[in-house]
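See structure below.
Everything quoted here is computed from the prediction, not taken from an experiment. Computed over heavy atoms, backbone and side chain alike; hydrogens, waters and symmetry mates excluded.
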Amino acid sequence: MTTLWQFVVLLAAHWLADFFLQTHWQASNKSKRMDALARHVGTYTMVLLVVAIFLFGFELGVAFAALNGVLHFGTDYFTSRWSSKLYAKQDWHNFFVVIGFDQLIHQTTLATTLAIFS
């Protein structure tokens, strides 16, 4: 599988874990409760683990998923707090700018770690 297709697979896994499998409770509380953020990132990391083992084998897959889980936690820790303040003010434009920035960070993280692990 080429690196481009590996990246596409990782983006699909990211969408599944970061949007589809994120519960309403996690999304609503991850900016103010560490348990909500931890559950979201735990789910994200487990999905990424399955995909990464498929892409890189067991040892590299575990390392890839663990690193991305830590980086995802750090990103969401800051961006969820930032976006929740904008949401509360109903500042929709800037809210979506931050959501887009969050996704840019996640996608760049996946691309960079893929380059390192490939």
- Note on the structure: When every non-hydrogen atom of Leu48 is compared with those of Ala13, the smallest separation belongs to CD1-CB, 4.4 Å
- Query: Do Arg81 and Tyr77 meet the cation-pi criteria used here (NZ or CZ under 6.0 Å from the six-membered ring centre, within 45° of the axis)?
  - Reply: yes
Is there a path from [X] to [Y] through hydrophobic residues (I, L, V, M, F, W, Y) whose side chains come within less than 4.5 Å of each other?
| X | Y | result |
| --- | --- | --- |
| Phe20 | Leu49 | no |
| Tyr44 | Phe56 | yes |
| Leu60 | Phe58 | no |
| Phe117 | Ile53 | no |

Side-chain polar contacts of residues 63-76 - donor-acceptor pairs under 3.5 angstrom, sequence neighbours left out - could you list them?
| unit_1 | atom_1 | unit_2 | atom_2 | d |
| --- | --- | --- | --- | --- |
| Asn68 | OD1 | Thr113 | OG1 | 3.4 |
| Asn68 | ND2 | Phe64 | O | 3.0 |
| Asn68 | ND2 | Thr113 | OG1 | 3.1 |
| His72 | ND1 | His106 | ND1 | 3.3 |
| His72 | NE2 | Asp18 | OD1 | 3.2 |
| His72 | NE2 | His40 | NE2 | 3.2 |
| His72 | NE2 | Asp76 | OD2 | 3.2 |
| Thr75 | OG1 | Leu71 | O | 3.0 |
| Asp76 | OD1 | His106 | NE2 | 2.9 |
| Asp76 | OD2 | Lys30 | NZ | 3.3 |
| Asp76 | OD2 | His40 | NE2 | 3.1 |

If you round to the nearest 0.5 Å, how far is [atom2] of [Y] from [atom1] of [X]?
| X | Y | atom1 | atom2 | value |
| --- | --- | --- | --- | --- |
| Lys32 | Ser84 | NZ | OG | 7.0 Å |
| Met34 | Asn29 | CE | CG | 13.0 Å |
| Leu104 | Thr108 | CG | OG1 | 4.0 Å |
| Phe7 | His14 | CZ | NE2 | 9.5 Å |
| Ser28 | Tyr87 | OG | OH | 7.5 Å |

- Applying side-chain hydrogen bond (donor to acceptor under 3.5 Å, both in side chains), which residue pairs with at least one partner in residues 46-65 are found, sequence neighbours left out?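 Sorted result for residues 46-65: empty, none.
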- Query: Other than Trp25, what residues sit in its cluster of Ile, Leu, Val, Met, Phe, Trp and Tyr side chains whose heavy atoms are under 4.5 Å apart, directly or through others?
  - Reply: none
- Counting only heavy atoms not in Trp92, do more than 12 fall under 6.0 Å of its CH2? yes
